[in-house]
Amino acid sequence: MLCSNIFSQEKQNLSSISIPKELKESANAIIRLNKTIIDVETIDHLVVKQQRIVTVLNKLGKKHINAYKHYNNDTKITKLSAIIYDALGNKIKKYSKSDFQDVSAIDGGTLYSDSRVKFLEHTPTSYPYTVVFESEYKNSSTGFIPKWFPIENYNLAIEKSIYILNNPKNIPFRKREKNFDVFSIKNSSTGNNLNYSLTNQLAIRPEYYTLNFEELVPNMSISLDSFSLKGIKGNAKNWKEFGKWMYNELINGRNQLSPSTISKVKQLVKGINNSADKAKVIYEYVQNKTRYISVQVDIGGWEPIAANKVDEVGYGDCKGLTNYTKALLDAVGVKSHYSIVWAGNAKKNVFKDFSSMQGNHVILNIPNNGNDIWLECTSQTIPFGFLGDFTDDRDVLVITPEGGVIKRTPAYINKDNLQLTKADVTLLPNGNISAHFERKSYGTQYYDKYSIEEFTKKELNKYYKSTVWDYNNNLEVDNIKHSNNKEQIEFTEDLDVKIEKFATVRDSSYLFKLNIFNRVTGIPKKYRNRQQPLEIERGFTDKDEFIFTLPEGYTFTSLPEKRNITNKFGAYRISFEKINNTTFNYKREFSLIKGIHSKEDYKAYRKFRKTVVKYDNLRIELIKL
């Protein structure tokens, strides 16, 4: 009877039938239990244990199982197992450590790495099913204490998430809590030991045009005041101390170059007195000489390859190439600083008020009398001093000999992200059109386009037909010319376009859409009960001017009225001007303004965007003479 009762209890707990109905709403998976226990035994030894029970409700929920563990030379997996249960809680398969797939955890841009990953590959025969995943690993690096991120993703409900940190040696540490006051977080911590939990959290539905997920949900970061990174001990309670440790232990002394290289770069800048001009010459030298390849072995994940090694082999990762550029600038008397950033199109800041191991990329900072220059050293094509949306507008950690300093990279927002389009359009009597098209792009609009100059003719045709003007059928492009002005950071596209059967031709009329080359077609999704704030992340401005030549034998009775809409989200304007009896001018301007707005504002924003789509689809009718 005792054994039977125990089994029944296990079966009930793991049965999907026992899950409260409200937790299943909008959920693809449910975390039944995610318990993480971190034992900080010394400043160079920690043990992390995890028990993770996930019920997968449908095929979209599989990604939430997360039954994997990374390991390398100083991260040793000591326990790893998984058990699969069916919808009723019956055990159907068990996996031991040896059953997990074991592969190298590198991407195509990595030359070599000691990082590997063990992961579970299970193909379900039916839904729902439950995975009980248990793991334990030991790590000699305590610079990275696992974060608590109880709500990991959208469409994922949480029955219970527990985070425990045991600190028997009372090593001083700091913690950063975010969004705890918005969620029902229970804190049972005592002294230097932490114990947090979150229970019965409903799934959050994704919504477009909102903040980064990490800004919406609770999360906690931990950092020890004394720590170890790949055997290198450190002490840091703030960014100044952290930056000084990183400079002394990981960067200083790795800027050595051969006498011949120093002589070469000095000759390159001979006669140039301005530091910014010297830096530009050196940057172009690096772009022409090197290429990006990642190296992630041992401390190589954080320590740059020595400058003389990069100079010898001609490649390196972001750390190595940035350090190499810095070394070359040192050689010609230009001060620069190695800088750590969270890179990615979705902007993420290094925490100003919380020093810890952060960031996933390295760029170079050059002080310039209050107008700092920033260099992306991994690109062979990006203009000098331009970052694009990969690292723009965010707080970064600048490493100086005196310590770490938080600075902010330049922001490309609103009118900085400008696109100017001009077209001369000839309307033909059979409904076809031919046009000469020119487009100039700046800011992030430049960043989005400048790489197409490397496309083949076939790739360019596909780009214009399937990406730029996918709403225009029967379109052909010809005589494509591109001009990349890196001095002005201006990318120009010049081409001829033909579209067959563009206009609808009837017995006595000729009907066509005015906005041929920059039409907004998508309307933001409608939400019955919007939950999250609205964010316009960067903003932009598009200005278009098309001159139309009427088809022979047709004229217009009147031109449409101009429209002018301006609000806190941006502006939309269109106007028309008759040039003569056979030509007229169509002008359009559409802009969005960077900003964060309340969830209640989303309805008005959607209405604005819907209006833009309406007027971008405006038609005009010509009549026969």
Side-chain angles (χ1 to χ4, degrees), residues 287 345 376 379-390 392 412-428 432-500 502 512-522 538-549 572-574 583 585-592 612 616:
Q287 286 186 309
N345 294 338
E376 172 55 69
S379 172
Q380 284 78 53
T381 57
I382 199 167
F384 173 77
F386 182 71
L387 294 179
D389 60 17
F390 192 56
D392 80 315
Y412 305 108
I413 59 173
N414 304 335
K415 292 184 178 180
D416 296 329
N417 306 320
L418 176 65
Q419 178 181 278
L420 303 175
T421 302
K422 290 187 176 183
D424 292 311
V425 182
T426 301
L427 302 168
L428 303 174
N432 298 348
I433 69 168
S434 64
H436 181 75
F437 172 87
E438 181 188 82
R439 180 166 65 182
K440 295 180 181 292
S441 299
Y442 308 85
T444 58
Q445 302 224 50
Y446 169 95
Y447 190 70
D448 291 340
K449 300 184 186 81
Y450 83 96
S451 60
I452 68 170
E453 68 174 337
E454 303 298 326
F455 284 12
T456 64
K457 186 176 180 180
K458 183 178 179 181
E459 289 171 334
L460 282 172
N461 270 279
K462 183 179 179 181
Y463 169 73
Y464 285 112
K465 293 169 72 171
S466 302
T467 303
V468 181
W469 296 310
D470 59 335
Y471 51 81
N472 280 324
N473 297 321
N474 309 313
L475 181 142
E476 296 295 332
V477 294
D478 201 6
N479 300 322
I480 302 170
K481 296 176 184 176
H482 293 147
S483 173
N484 187 0
N485 187 334
K486 292 187 177 182
E487 296 293 329
Q488 300 297 322
I489 311 182
E490 173 191 86
F491 187 70
T492 303
E493 301 159 85
D494 190 291
L495 57 150
D496 294 324
V497 180
K498 293 180 180 179
I499 307 176
E500 292 185 356
F502 180 77
F512 65 97
K513 291 184 178 180
L514 289 156
N515 190 345
I516 306 173
F517 296 117
N518 195 13
R519 194 182 306 160
V520 176
T521 58
R538 285 189 175 83
F540 64 87
T541 297
D542 285 358
K543 294 183 179 181
D544 309 299
E545 182 177 0
F546 307 154
I547 296 176
F548 288 91
T549 299
Y572 181 81
R573 303 180 184 94
I574 54 173
T583 57
N585 190 316
Y586 162 72
K587 290 184 179 180
R588 170 188 181 273
E589 181 175 339
F590 175 41
S591 62
L592 289 180
V612 171
D616 269 4

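Treat the numbers as computed from the prediction; the structure is a model and nothing was measured.
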Are D542 and T421 close enough, and set up right, to give a side chain to side chain contact (heavy atoms under 4.5 Å, CB included), and what steps lead you there? CA-CA 8 Å; D542 285 358; T421 302; over 6 Å; no
Would you sort out whether H482 and L460 count as a side chain to side chain contact (heavy atoms under 4.5 Å, CB included), showing the intermediate values? CA-CA 11 Å; H482 293 147; L460 282 172; 3.5 Å; yes
Take Y586 and V425 through the test side chain to side chain contact (heavy atoms under 4.5 Å, CB included) and record every step on the way to the result. CA-CA 11 Å; Y586 162 72; V425 182; over 6 Å; no
Starting at OG1 of T456, measure out to OH of Y463 and round the result to the nearest 0.5 Å. 14.0 Å
Using only atom types and a distance under 3.5 Å, with no angle test, would you say the side chain of Y471 pairs donor to acceptor with the backbone of R519? yes
Determine the sole option in R588, R439, K422 for which the side chain to side chain contact (heavy atoms under 4.5 Å, CB included) test with D544 is passed. R588
Find out whether N518 and Q419 are in side-chain contact, i.e. whether some heavy atom of one side chain is under 4.5 Å from a heavy atom of the other. yes
More than 12 heavy atoms of other residues, nucleotides or ligands under 6.0 Å from CD of E500: yes or no? no
Going through the checks in order, is the side chain to side chain donor-acceptor pair (under 3.5 Å) test met by K498 and S434? CA-CA 4 Å; K498 293 180 180 179; S434 64; over 6 Å; no
Interatomic distance, CD@E438 vs CG@D494, rounded to 0.5 Å, equals 5.5 Å
Heavy-atom side-chain contact between D448 and D389 under 4.5 Å: yes
Side-chain (Y412) to main-chain (L387) donor-acceptor, under 3.5 angstrom: yes
Shortest non-hydrogen contact between G443 and F386, atoms and distance: O-CZ, 3.4 Å
Testing the basics here: between K465 and L475, what is the closest heavy-atom pair and its distance to 0.1 Å? CE-O, 3.2 Å
A side-chain contact here means heavy atoms from C-beta on lying under 4.5 Å apart; do L495 and N479 qualify? no
F548 and F512: CA distance, side-chain angles, deciding distance, ring pair (Phe, Tyr, Trp, His ring centres under 6.0 Å) verdict: CA-CA 11 Å; F548 288 91; F512 65 97; 5.6 Å; yes
Please find the pair of heavy atoms, one from K415 and one from T541, that lie closest to each other, and give the distance. CG-OG1, 3.5 Å
Identify the two heavy atoms, one from L514 and one from F546, that lie closest to each other, and give their separation to 0.1 Å. O-CD1, 3.7 Å
Output for pair (I489 CD1, Q445 CD), nearest 0.5 Å, gives 14.5 Å
Heavy-atom side-chain contact between V497 and F517 under 4.5 Å: yes
Carboxylate-amine/guanidinium contact R573 E589, below 4.0 Å: yes
Taking the ring centre of each residue, are F540 and F590 less than 6.0 Å apart? yes
One should read off an interatomic distance between L420 CG and E490 CD, to the nearest 0.5 angstrom, of 8.5 Å
Within the distance-only criterion (no hydrogens, no angle test), does the side chain of K486 pair as donor or acceptor with the backbone N or O of T381 below 3.5 angstrom? yes
With side chain to side chain contact (heavy atoms under 4.5 Å, CB included) as the criterion, how do R538 and D416 come out once you've worked through the C-alpha distance, each side chain's angles and the decisive distance to 0.1 Å? CA-CA 9 Å; R538 285 189 175 83; D416 296 329; over 6 Å; no
Has Q287 got a side-chain atom pairing as donor or acceptor with S379's backbone, closer than 3.5 angstrom? yes
Taking D616 for the side chain and N515 for the main chain, is one N or O donor matched with an acceptor at less than 3.5 Å? no
Has N461 got a side-chain atom pairing as donor or acceptor with K458's backbone, closer than 3.5 angstrom? no
Gap separating the CD atom of E476 from the CG atom of D496, nearest 0.5 angstrom: 12.5 Å
Less than 4.5 Å apart, side chain to side chain, heavy atoms only: is that true for I452 and Y464? yes
Are more than 12 heavy atoms from other residues, nucleotides or ligands located less than 6.0 Å from atom NZ of K513? yes
Shortest non-hydrogen contact between N417 and G539, atoms and distance: ND2-O, 3.0 Å
For N485 versus Q488, what's the shortest heavy-atom pair and its separation? OD1-N, 3.0 Å
Residues N484, Y446; criterion side chain to side chain donor-acceptor pair (under 3.5 Å); working and verdict: CA-CA 9 Å; N484 187 0; Y446 169 95; 2.6 Å; yes
Tell me, do Y447 and I382 make a side-chain contact under 4.5 Å, heavy atoms counted? yes
